[in-house]
Amino acid sequence: MFPDNINKTSQFPQHSSELSIVTGDSCVVGNVIQPVGDALKEATGDESAAHEVLVDVTEPRPVPFVLSFNNLTYNVKVPRKMALPGRKGGSADTDFAGTKTLLNDISGVARDGQIMAVLGASGSGKSTLIDALAGRIAKESLKGQVTLNGEALESRMLKRISAYVMQDDMLYPMLTVEETLMFAAEFRLPYSLPKSNKKMRVQTLIDQLGLRNAAKTVIGDEGHRGVSGGERRRVSIGIDIIHDPIILLLDEPTSGLDSSSAFMVIKVLQSIAQSGSIVIMSIHQPGIRILGLLDRMMFLSRGRPVYNDSPTNLSLYFSEFGRPIPENEDKTEFALDLIRELEGSPGGIKTLVEFNKSWQIMKTTAQFELDRLGFTLKEAISASIARGKLVPGGTNDVTSTSMVPTFANPFWKEMVVLSSRSILNSRRMPELFGVRLGAVLVTGFILATVYWQLDNSPRGVQERLGFFAFAMSTTFYTCTNALPEFLQERYIFMRETAYNTYRRSSYVISNALLTIPSLTLLSLVFAATTFWAVGLDGGYPEFLFYFLIMLASFWCGSSFVTFLSGIVPHVMLGYTISVSVFAYFLLFSGFFIHRNRIPEYWIWYHYLSLVKYPYEAVLRNEFENPTKCFARGIQIFDNSPLGSVPSDVKLKLLQSIGNSLGMSITGSTCLRKGSDILKQEGITDLSKWNCLWITIAWGFLFRILFYFSLLLGSKNKRS
């Protein structure tokens, strides 16, 4: 049903009489925007903050769009609560089937050129309704229908023509405002569009958002000073409207902002709406100035609509309901207080819900709105593309399912942009890599000085085994420092991939390639610090293999931590799991307990141990030299109960053993070679090169698992 206020002038926004000359392809610039300098001046009182944006009056009037949602209902399953003695049944919203209704038969209409605000107390269903309109609720769970110009909006089409702005501002802290928007343009605008046009779009958007003074300022975070909260919120909006979408959905865009910043944000949203977009947002409690910018309001209470009309009719509505709004009182505050009062009353909000239904019937005329528009969805989108809306869809194909490509850029272009952004952000935070490099240097220095120039005696062999076990496990533990990196990017990644900004595979491969240079440097530093200082056997060929197995270990450990970051939600949980798993890997690597002594029910973990393969590889690299001797003559008694026996007694024992075996054993006879040590340690199955390839393969496996964790865990949909 459609209210009869369709003649309201805000439905078809009038253009400014001022004219700007825009060079380049006007069909992709989206230059029909309103001046926001007056809002900046009003909000900040700063004359220099006013940056007038002139509007092209040669463009035709925006094509009308009407977004309708009818009878939206959404239930979720809740765990049954054990009833306590003497306590009556659960809450009113939880039935006996163990379900809770978050949206209950909600219908409404939003038009281009207007801002529709969804209001209500916490838990009223505001964010859930925005999620439903954004296609962030599983289709099988949401009942009802969402249509645009009378045609059902499929999820794939919705992603192409809409944008969703999350409540939290998830941005790369060390990028400037201009760089952030430019990377968004590189992602969202088509590859065929010249870079000069993309820059023009970014500059136009900076003016539209009122961010000219902050364009060269970094976003910032807790440790780096950057833009203000209001500017950060406008940057978040700018990222999602870089392609000039037809539908813009926002979850509490003014949350956490002061009144001036909140007003500036809504003023920007008004200019976006007046450029031909449908703007729907949830908001907790707008101020009087913000209320004057809204075109339509919907109040929710426990998932049910209790008001759905223009803000100007709010006083009349509650007056006819029998609870008139006192003069000089905030209308929205009164409405929210009244709703809370009714929610706590015995009759609940049923009377207000029923009154809203009768009000809608009274305010509704025949449903001639769509006939009046005269545009099918296909025609309307095509016309909007022709006038500069929906920048990624600049194509003459008017088939709605293929009008806009699924991704704006080819695979390789996404990887280039992702890599450029990560490198630029990391380069401005060198302390992150510096900490890892420092940890590797300190560990290598300590190991080099503790195990300085080991000899080839039996004790030296035992010390070598300890060094290798500790060195291999250290490479894995050092990789846990990278755990917070993706966890901090998780919401940025989820926001960007939810609307097909880039492919998940592009992110995974780009992330893997970017780790290789840093891991190569870490491996080289550790290998160079320890190889010659410890006195490991061999020359440059053995050093090269030692470096390669270190690199493979870092690669494997980094891949495992990256995969773990894709499945755990918190840093501390990730640290706990990774440290525990690496400890088990070391336990079953073969150093602490021989493979033949591991119980059969645990032997599978020995072969899954990531430490096992690099550990065996370095042992083979060290002890495969057939000319090397590790126990001569009486040294065979070292690390045994006979170790403290006088040397002459040991020589007599050797002669006696030799006579028993029918061979001559002297003090210089080699009694233990590297092959004997390898057999003693149970390292007989794999060559050192096979161990290297297996370690590298483990790394690739975890990268693949990381991809599937992103594929399955970042759908951004409620079940």
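Everything numeric in this text was worked out from a predicted model, so none of it was measured.
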Classify the angle between the aromatic ring planes of [X] and [Y] as parallel (below 30°), tilted (30 to 60°) or perpendicular (above 60°).
X    : Y    : value
F468 : F623 : perpendicular
Y191 : W412 : perpendicular
F560 : F702 : perpendicular

Are [X] and [Y] close enough that a side-chain donor and a side-chain acceptor fall under 3.5 Å?
X    : Y    : value
S419 : S510 : yes
Y164 : D131 : yes
Y546 : T530 : yes

Donor-acceptor contact present, side-chain [X] to main-chain [Y], <3.5 Å:
X    : Y    : result
H594 : G682 : yes
Y502 : F407 : no
R232 : G226 : no
N456 : F630 : no
W555 : I696 : yes
T501 : T497 : no
S709 : F706 : yes
H606 : F588 : yes
T480 : Y477 : yes
R495 : M170 : yes

Side-chain touch [X]/[Y], heavy atoms, less than 4.5 angstrom:
X    : Y    : result
F547 : T520 : yes
V235 : L211 : yes
E179 : Y172 : no
S553 : V611 : no
T176 : I219 : no

[X] versus [Y], closest heavy-atom pair with distance:
X    : Y    : answer
L522 : L437 : CD2-CA, 3.6 Å
L483 : Y575 : CD2-N, 3.2 Å
S506 : F411 : OG-CD1, 3.2 Å
D455 : S457 : OD1-OG, 2.6 Å

Pair V440-M550, side-chain contact (heavy atoms from CB on, under 4.5 Å): steps then yes or no: CA-CA 12 Å; V440 169; M550 284 294 171; over 6 Å; no

Between R464, K688, K628, which is the residue that forms a side chain to side chain donor-acceptor pair (under 3.5 Å) with E622? R464

Evaluate the ring-ring contact (aromatic ring centres under 6.0 Å, His included) criterion for residues Y584 and W602: first the C-alpha distance (whole Å), next the side-chain angles of each, then the deciding distance (0.1 Å), finally the verdict. CA-CA 11 Å; Y584 302 145; W602 279 117; 8.2 Å; no

Have a look at E496 and tell me which of R421, R503, R188 forms a salt bridge (charged side-chain N to carboxylate O under 4.0 Å, His left out) with it. R421

Just checking R428: does its CZ atom have more than 12 heavy atoms from other residues, nucleotides or ligands closer to it than 6.0 angstrom? yes

Could you point out which residue of F582, F554, F585 forms a ring pair (Phe, Tyr, Trp, His ring centres under 6.0 Å) with F476? F582

Tell me whether D251 is salt-bridged to R136, with the criterion being a basic N under 4.0 Å from an acidic carboxylate O. no

